[in-house]
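Remarks on the structure that follows.
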Amino acid sequence: HGHCIIPVEDIPGLERIRAAIVGHCATALKCAPPADDGAFLNAIGDRVGADDINAFRLGVIKAINREPWLRPVYFGLARAALQCLVGNELAMQRQINLSIQMPGDDSSVMPIHCDVWSGDSPFEMVLWLPLVDCFKTKSMFLVPPKITAEVQERLHGFRGRSSEDLFDEVAPHAIWLDIPYGHVLVFNQNLMHGNRVNLESETRWTMNCRFKGAFTPYADKRMGEFFEPITLRAASRIGLSYKLPDGFET
């Protein structure tokens, strides 16, 4: 199916991430910490206007990515699933992304796309984490593997046309993913996906991060620049650090 939705493997870790994000939001807004983190995030539109939401989002991303514990805790939310699906020697994206999509805000729409079309390796998978319940247009859509493959074979026919034309082509087949808080989505980013205007009454808060086998081929996003290894085994660490003796050239 190109994706799986599973319960998080570390609920305290998930709660730590959400609480930290809410804390950074409260600091930025100069308000008291809320009694209900989920309700606070769902209703963020009562505190931040649509014109200011992207700058607000970037500030929260910068703050949360300064936390030295974030990446290992995020990985731990789906460690077993990632090791099963991707491999046991993994590279992880260096910065974890955050998306905020308020109701009716068309500035936060991510048009239909495949990540591999813009410089990602086809060997990557995305770990997508909802910080609130995500459903219908408050979630994302994914185009199944068979339909993605069929459309990609004739993608050149869309040259000069818009992403809306492409979405209209696949809309009858798009799967809207229902992902409640406490679950994660792991999906194949070679499939067409995206979101639309959020027509629900609550704001979508999600995080996403790419994982790949450390020794699988890279595209434009390289190790050390975009990715860092997180689970290299002893033999790999030894091999990467070994240098042949020199001074024997003829």
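We use all heavy atoms of the structure for the numbers below, so side chains are in, but hydrogens, waters and symmetry mates are not.
Under the 4.5 Å side-chain heavy-atom criterion for Ile, Leu, Val, Met, Phe, Trp and Tyr, Trp69 and Leu127 are members of the same hydrophobic cluster. Clustering ILVMFWY residues whenever any of their side-chain heavy atoms sit less than 4.5 angstrom apart, transitively, puts Val116 in the very cluster that holds Phe141. Residues Met140 and Ile100 are members of separate hydrophobic clusters, defined by side-chain heavy-atom contacts under 4.5 angstrom among Ile, Leu, Val, Met, Phe, Trp and Tyr. Ile230 and Leu240 fall into different hydrophobic clusters, where Ile, Leu, Val, Met, Phe, Trp and Tyr side chains are chained together by heavy-atom contacts under 4.5 Å.
Checked by atom type, the side-chain pair Trp128/Gln189 shows no donor-acceptor distance below 3.5 Å.
For Arg161, the CZ atom sits in a packed shell: over 12 heavy atoms of surrounding residues, nucleotides or ligands are nearer than 6.0 Å. Environment of CG in Asp51: sparse, with no more than 12 heavy atoms of neighbouring residues, nucleotides or ligands closer than 6.0 Å. Surrounding NE2 of His1 are at most 12 heavy atoms belonging to other residues, nucleotides or ligands under 6.0 Å away.
Taking CH2 of Trp205 as the start and OG of Ser99 as the end, the distance is 10.5 Å to the nearest 0.5 Å. Within the model, atoms CD1 of Ile53 and CZ of Arg47 stand 12.5 Å from one another, a figure rounded to the nearest 0.5 Å. With rounding to the nearest 0.5 angstrom, the CD1 atom of Ile96 is 8.0 Å from the CD atom of Gln93. Between the CE atom of Met125 and the SG atom of Cys209 there is a distance of 14.5 Å, given to the nearest 0.5 Å. How far CZ of Arg210 is from CG of Asn97: 6.5 Å, rounded to the nearest 0.5 Å. Of the inter-residue distances, the one linking Arg57 atom CZ with Asp52 atom CG reads 13.5 Å to the nearest 0.5 angstrom.
A heavy-atom distance below 4.5 Å is found between the side chains of Phe56 and Leu29. Using a 4.5 Å heavy-atom cutoff, the side chains of Phe226 and Asp220 are not in contact. Using a 4.5 Å cut-off on side-chain heavy atoms (C-beta onward), Leu177 and Ile175 make contact. The shortest side-chain heavy-atom distance between Ile6 and Val184 falls under the 4.5 Å cut-off. Counting only heavy atoms from C-beta outward, the side chains of Ile179 and Leu129 never approach each other to under 4.5 Å. Under the 4.5 Å side-chain criterion, counting only non-hydrogen atoms from C-beta, Thr203 is not in contact with Leu41. Taking 4.5 Å as the limit, every side-chain heavy atom of Lys136 sits out of range of all side-chain heavy atoms of Leu199. Contact annotation: the side chain of Met102 approaches that of Ile44 to within less than 4.5 Å [non-hydrogen atoms, C-beta and beyond].
Across all their heavy atoms, Arg94 and Gly224 have their closest contact at NH1-O, 2.8 Å. Here the closest heavy-atom approach between residue Ala219 and residue Ser121 is recorded as CB-N, 3.8 Å. Minimum heavy-atom separation, Ala32 to Ala26: O-CB, 4.4 Å. Scanning all heavy atoms of the two residues, the minimum distance from Cys114 to Gln152 falls at SG-OE1, 4.4 Å. Contact detail for Pro68 and Pro72: the closest heavy-atom pair is O-CD, 3.9 Å. Across every non-hydrogen atom of Met223 and Ala91, the tightest pair is CE-CB, 3.8 Å.
A donor-acceptor pair under 3.5 Å links the side-chain atoms of Asn65 to the main chain of Ile61, judged by distance alone. A donor-acceptor pair is defined here as one N or O able to donate and one able to accept, closer than 3.5 Å; such a pair exists between the side chain of Asp165 and the backbone of Ser162. Using modelled atom types, no side-chain atom of Ser163 and backbone atom of Ile112 make a donor-acceptor pair closer than 3.5 Å. Judged by distance alone, with hydrogens and angles left aside, the side-chain atoms of Asn190 form a donor-acceptor pair with the main-chain N or O of Pro122 at under 3.5 Å. Under a 3.5 Å cut-off, the side chain of Asn198 and the backbone N or O of Gln101 do form a donor-acceptor pair. Side-chain atoms of Asn195 come within 3.5 Å of backbone N or O of Met110 as a donor-acceptor pair.
Residues meeting the ring-ring contact (aromatic ring centres under 6.0 Å, His included) test with Phe75, sequence neighbours left out: Phe211. Under the salt bridge (Lys or Arg N to Asp or Glu O under 4.0 Å) criterion, Arg71 pairs with Glu228, not counting sequence neighbours. Take Asp133 and apply the side-chain hydrogen bond (donor to acceptor under 3.5 Å, both in side chains) test, not counting sequence neighbours, and it matches no residue. The side-chain hydrogen bond (donor to acceptor under 3.5 Å, both in side chains) check on Thr206 picks up Arg204, with sequence neighbours excluded.
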Please set out all donor-acceptor pairs under 3.5 angstrom arising from side-chain atoms of residues 12-24, sequence neighbours excluded.
{"unit_1": "Arg18", "atom_1": "NE", "unit_2": "Tyr181", "atom_2": "OH", "d": "3.4"}
{"unit_1": "Arg18", "atom_1": "NH1", "unit_2": "Leu131", "atom_2": "O", "d": "2.9"}
{"unit_1": "His24", "atom_1": "NE2", "unit_2": "Glu67", "atom_2": "OE2", "d": "3.2"}

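In this structure, the ring of Phe123 has its center no less than 6.0 angstrom from the ring center of Tyr218. For Phe187 and His193, the ring centers sit closer than 6.0 Å to each other.
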### Query
Hey, mind stepping through Met192 and Val151 against side-chain contact (heavy atoms from CB on, under 4.5 Å) and telling me if it holds?
CA-CA 10 Å; Met192 289 186 285; Val151 173; 3.8 Å; yes

### Message
Determine whether Glu89 and Arg233 satisfy the following criterion, salt bridge (charged side-chain N to carboxylate O under 4.0 Å, His left out), listing intermediate values before the conclusion.
### Response
CA-CA 7 Å; Glu89 291 193 288; Arg233 300 302 191 244; 5.8 Å; no

### Query
Are Glu9 and Arg79 close enough, and set up right, to give a salt bridge (charged side-chain N to carboxylate O under 4.0 Å, His left out), and what steps lead you there?
CA-CA 7 Å; Glu9 298 169 19; Arg79 177 189 292 265; over 6 Å; no

### Message
Does Arg196 form a side-chain contact (heavy atoms from CB on, under 4.5 Å) with Trp176? I'd like the steps, not just the answer.
### Response
CA-CA 10 Å; Arg196 306 292 287 174; Trp176 286 94; 3.4 Å; yes

### Task
Walk me through it: do Leu155 and Leu166 pass the test side-chain contact (heavy atoms from CB on, under 4.5 Å)?
CA-CA 9 Å; Leu155 192 63; Leu166 182 57; 4.1 Å; yes

### Message
I'd like to know whether Ser139 forms a side-chain contact (heavy atoms from CB on, under 4.5 Å) with Leu185, so could you lay out the CA-CA distance, the side-chain angles of the two residues, the decisive distance to 0.1 Å, and finally the verdict.
### Response
CA-CA 11 Å; Ser139 186; Leu185 164 70; over 6 Å; no

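Between Lys138 and Glu202, at least one side-chain N (NZ, or NE/NH1/NH2) sits under 4.0 Å from a carboxylate O, which counts as a salt bridge.
In this structure, Lys221 forms no cation-pi arrangement with Phe227, as its terminal cationic atom is not both closer than 6.0 Å to the ring centre and no more than 45° off the ring axis.
Sorted by first and then second residue, the salt bridge (Lys or Arg N to Asp or Glu O under 4.0 Å) pairs with a member in residues 141-157 read Arg154-Glu169; sequence neighbours excluded.
Of the candidates Leu142, Val143, Asp115, Ile147, Leu191 forms a side chain to side chain contact (heavy atoms under 4.5 Å, CB included) with just one, namely Leu142.
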